[in-house]
Number of protein chains: 2
Amino acid sequence: MNNRRIPKYILLKNELLSWFESGKLKPGQQVPSENEIAEQFGLSRQTVRQTFSELEKEGWLERIQGKGTFARFPGRRESELVKTIGIMTTYISDYIFPHIVRGAEAELRSRGYRLLLSSTDNNKDKEMESLKLMTSQPLSGLIIEPTKSAEGNPNLGYYLELQEKGIPYLMINEKYRELECPLLRVDDELGGYKAADHLLANGHSRIAGFFKRDDLQGVNRLKGFLAAHKARGVAVAPKRVVTYTTEQKNDLPFRQALQLLSGAAEERPTAFVCYNDELAVSLMGAALQLGLRVPEDVSFVGFDDSMLASASGTKLTTLTHPKTAMGRDAASQLIAMIEEGLAPGDTLYEPELVERDSVVNLNVNV
Amino acid sequence: MNNRRIPKYILLKNELLSWFESGKLKPGQQVPSENEIAEQFGLSRQTVRQTFSELEKEGWLERIQGKGTFARFPGRRESELVKTIGIMTTYISDYIFPHIVRGAEAELRSRGYRLLLSSTDNNKDKEMESLKLMTSQPLSGLIIEPTKSAEGNPNLGYYLELQEKGIPYLMINEKYRELECPLLRVDDELGGYKAADHLLANGHSRIAGFFKRDDLQGVNRLKGFLAAHKARGVAVAPKRVVTYTTEQKNDLPFRQALQLLSGAAEERPTAFVCYNDELAVSLMGAALQLGLRVPEDVSFVGFDDSMLASASGTKLTTLTHPKTAMGRDAASQLIAMIEEGLAPGDTLYEPELVERDSVVNLNVNV
DNA sequence: CCACTATAGTTGTACGTACAAGTTGTATGA
DNA sequence: TCATACAACTTGTACGTACAACTATAGTGG
């Protein structure tokens with residue numbers, strides 16, 4: 001038999017562990033004394049002691065001299081439970097991200113979790129670095145805003161490692177196609193559609209679209225932008241659609257806008273749909289620089305309803321982004337995954353158009 | 001003797017641990033066999049085994065059947081070292097705080113520390129809650145932006161607890177007078193002075209000052225504001241100095257500004273010094289609402305050189321705040337405190353005036 | 001009623017023996 | 001030269017004894 005090779009104290013240990021599993025031993029309950037066990041199993045007290053001392057080190061038993069041996073909560077997990085959740089965003093200080101973080105932080109704090117923050121600066125190397133650092137010490141779960149998702153993902157291995165380690169995670173804004181996890185995102189395609197449709201409905205036909213192409217948000221907004229034109233039967237002039245990458249964002253769009261706006265009046269776009277509010281404010285600056293008025297000469301629609309939209313000179317018409325709510329929902333879904341092992345489905349937020357002062361209605365002039 | 005009460009196996013354990021400390025035992029080195037130790041110390045092999053098995057569980061020794069017992073890396077402390085630093089700010093998403101956090105995060109990440117983030121919402125109860133949560137699990141150090149510092153501090157006990165636990169901390173922006181710790185702050189008095197002096201130098205004499213009174217920053221900026229008037233020999237009309245608390249900030253200042261600006265032209269302030277850019281943008285809105293032009297009719301000076309200052313319609317003249325640099329410095333000073341036990345002195349940043357478009361020079365009209 | 005004592009029962013410490021199992025080097029033999 | 005066997009050593013398992021230290025309780029005495 002193989003049994004003869006397994007040490008008795010190990011056999012006893014397994015026996016006792018099965019007592020925990022079957023519920024025969026409940027937390028706080030007293031375990032038979034060393035001598036009783038020894039007699040019962042036909043072992044010496046020393047052998048029982050060896051078993052007990054291992055189980056004590058592992059947290060299953062508590063031995064009190066003179067009193068007895070007691071079962072502890074099955075695996076001390078509750079008391080030593082790590083309650084720390086990480087959030088990895090592309091940027092920390094800019095734009096809407098602080099609001100997402102704030103929503104998550106408030107929810108986590110109220111649920112007794114600590115929040116670890118890290119930024120990737122939209123850089124794959126830093127993303128890897130952040131992942132390693134976060135997981136270098138105990139972690140309950142992770143909220144990830146992916147980096148440059150339209151391109152590949154060289155850090156896939158690290159994410160798979162998360163799964164192996166049993167660290168649940170979810171993604172916000174977008175997700176890597178290769179990974180299976182819950183996603184919270186805005187319906188960007190619908191947003192792009194609504195933005196363009198609003199302008200078309202207001203009589204604009206020469207609409208410029210500026211979109212980021214190295215993240216899915218930009219790609220989807222562009223998709224909606226095109227769909228709205230198609231639905232209204234308006235052709236999109238390729239030269240009025242400008243796409244750019246993260247590296248170019250401070251330079252290329254502005255120059256392209258200047259060029260478009262410098263053209264002849266009958267060729268000039270009457271409206272701009274901008275990837276986000278930040279870009280919209282920047283391009284409004286380009287228009288002002290050329291002596292054009294907003295919205296009389298050029299209309300603008302932004303995205304995300306950020307602080308910039310209402311702080312700028314001409315209050316910006318824009319599409320909402322759930323921001324704080326998204327952070328809060330992400331946190332609460334992640335906690336559900338951790339504590340109850342649930343696997344929530346994706347969450348899709350519908351952006352709403354917020355009409356302010358940056359769009360003129362061309363129809364009334366007719 | 002007391003020695004007789006200390007178990008022999010504990011004495012042996014301490015002896016062996018001292019071998020590690022003295023360097024007598026180096027990683028990988030073979031330890032004398034159980035029998036040798038037993039003979040050498042006049043103990044039974046069983047007693048030596050008890051010591052060895054404890055040291056093995058704690059990671060000091062590695063025992064290999066048939067081969068011997070070996071010393072392991074001296075205490076694995078490096079690998080299990082906690083490298084997590086917390087940062088507690090009043091607000092997370094608003095204004096300049098994301099920039100401070102970003103500076104700190106970048107520095108910490110490059111030094112291999114994780115960043116825990118928590119906000120107090122400028123509320124003493126939440127401050128306590130955050131403190132408790134942060135310290136509920138291992139923490140290396142803490143960066144604190146105090147809550148409502150001009151009032152008392154009911155959470156003093158928790159801060160003293162930090163000292164007892166040996167968790168170093170430092171404060172940014174301001175500090176509780178009762179606590180002795182490094183402080184990084186802007187010279188707000190100088191800032192207030194520079195703001196008022198700039199306006200006075202440009203020929204303004206009826207200058208309104210709006211300051212928060214429940215934090216030291218506001219109090220100090222007001223102090224500088226008054227000092228500049230005194231230095232220039234200009235009297236300050238009490239009705240033009242408005243102070244407010246955090247709770248009132250969205251309401252009272254705006255109404256007061258409307259009232260001041262609605263007065264007769266010869267009584268109306270020609271310029272406003274505002275507690276920060278956020279308030280300045282809000283009060284500029286009040287001026288516009290009354291049909292006044294900025295800066296032609298009313299000039300504005302803000303504080304902090306935030307994104308609002310350059311995103312707003314009229315670009316705001318304001319005073320710089322180190323923001324990102326302050327976060328970075330705070331992080332690096334805290335790491336020095338943790339790793340080298342240093343106690344850095346206070347750091348004072350000098351604000352610089354950034355001239356933009358919101359101040360008119362009245363002298364040229366003369 | 002309370003304080004004290006004795007006692008039984010528990011785990012902790014300490015020693016002992018015996019043999020099993022694994023590693024290493026040496027001696028032996030083909 | 002190479003493979004094998006063996007001896008000597010290591011740690012692992014298992015049992016045994018004895019007493020110390022601690023806890024809880026029942027009984028005793030004031």
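In this text, all values refer to a predicted model and were calculated from it rather than measured experimentally. Protein chains get the first letters and strands the later ones, always in sequence-line order, with residue 1 at the start of each.
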Exercise. For A:S44, what residues pass the side chain to side chain donor-acceptor pair (under 3.5 Å) criterion, not counting sequence neighbours?
Worked result: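 Applying side chain to side chain donor-acceptor pair (under 3.5 Å) to A:S44 gives A:T47.
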
What's the [atom1]-[atom2] distance between [X] and [N], to the nearest Å?
X	N	atom1	atom2	answer
B:R63	C:dA21	CZ	P	18 Å
A:K57	C:dG12	NZ	P	12 Å
A:E34	C:dG12	CD	P	6 Å
B:E62	D:dG12	CD	C1'	15 Å

Exercise. Within the distance-only criterion (no hydrogens, no angle test), does the side chain of A:K124 pair as donor or acceptor with the backbone N or O of A:T147 below 3.5 angstrom?
Worked result: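 Yes; judged by distance alone, with no hydrogens or angles, the pair exists.
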
Exercise. Donor-acceptor pair, A:N122 side chain versus A:T90 backbone, under 3.5 Å?
Worked result: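 Checking the backbone N and O of A:T90 against the side chain of A:N122, no donor-acceptor pair under 3.5 Å is found.
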
For this session: Hey, could you give me each pair passing salt bridge (charged side-chain N to carboxylate O under 4.0 Å, His left out) that has a residue in residues 6-15 of chain B? Not counting sequence neighbours.
Result: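 Sorted pair list: B:K13-B:E54, B:K13-B:E58.
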
Exercise. Applying salt bridge (charged side-chain N to carboxylate O under 4.0 Å, His left out), which residue pairs with at least one partner in residues 27-36 of chain A are found, sequence neighbours left out?
Worked result: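 Applying salt bridge (charged side-chain N to carboxylate O under 4.0 Å, His left out) to every pair that reaches into residues 27-36 of chain A, excluding sequence neighbours, yields A:E34-A:R45, A:E34-A:R49, A:E34-A:R63.
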
For this session: Check each of A:V48, A:L43, A:T51, A:N14 against A:Y9 using the side chain to side chain contact (heavy atoms under 4.5 Å, CB included) test, and report the only one that passes.
Result: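 The option that passes is A:T51.
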
At a cut-off of 3.5 Å, list every protein nitrogen or oxygen paired with a nitrogen or oxygen from nucleotides 23-26 of chain C, distance to 0.1 Å.
from: C:dT23; atom 1: O4'; to: B:G66; atom 2: O; distance (Å): 3.2

Donor-acceptor pairs under 3.5 Å, side chain of residues 329-338 of chain A to any protein atom, not counting sequence neighbours: which ones?
from: A:D329; atom 1: OD2; to: A:Y349; atom 2: OH; distance (Å): 2.5
from: A:Q333; atom 1: NE2; to: A:T347; atom 2: OG1; distance (Å): 2.9

For this session: Tell me whether the OP1 or OP2 atom of D:dC9 has a side-chain N or O from B:S33 closer than 4.0 Å.
Result: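 So the side-chain polar atoms of B:S33 never come under 4.0 Å of the phosphate oxygens OP1 or OP2 of D:dC9.
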
Could you go through nucleotides 13-18 of chain D and list every protein N or O atom that sits under 3.5 Å from one of its N or O atoms, giving the distance for each pair?
from: D:dT13; atom 1: OP1; to: A:Y9; atom 2: OH; distance (Å): 2.8
from: D:dT13; atom 1: OP2; to: A:Y9; atom 2: OH; distance (Å): 3.0
from: D:dA14; atom 1: OP1; to: A:K8; atom 2: N; distance (Å): 2.4
from: D:dA14; atom 1: OP2; to: A:K8; atom 2: N; distance (Å): 3.0
from: D:dA14; atom 1: OP2; to: A:Y9; atom 2: N; distance (Å): 3.0
from: D:dC15; atom 1: OP1; to: A:K8; atom 2: NZ; distance (Å): 2.8
from: D:dC15; atom 1: OP2; to: A:S44; atom 2: N; distance (Å): 3.4
from: D:dC15; atom 1: OP2; to: A:T47; atom 2: OG1; distance (Å): 2.6
from: D:dT17; atom 1: O4; to: A:Q46; atom 2: NE2; distance (Å): 2.7

For this session: Would you indicate what B:E56 reaches in the nucleic acid, counting non-hydrogen atoms under 4.0 angstrom: base, sugar-phosphate, or nothing?
Result: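 Nothing: the residue B:E56, judged by heavy atoms under 4.0 Å, touches no strand.
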
For this session: Identify whether any heavy atom of B:E36 sits under 4.0 Å from a base atom; if not, whether one sits that close to sugar-phosphate; answer base, sugar-phosphate or nothing.
Result: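 Sugar-phosphate contact only.
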
Exercise. For the atom pair CD (B:E145) and CE (B:M326), what is the distance rounded to the nearest 0.5 Å?
Worked result: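 Here the interatomic distance stands at 9.0 Å.
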
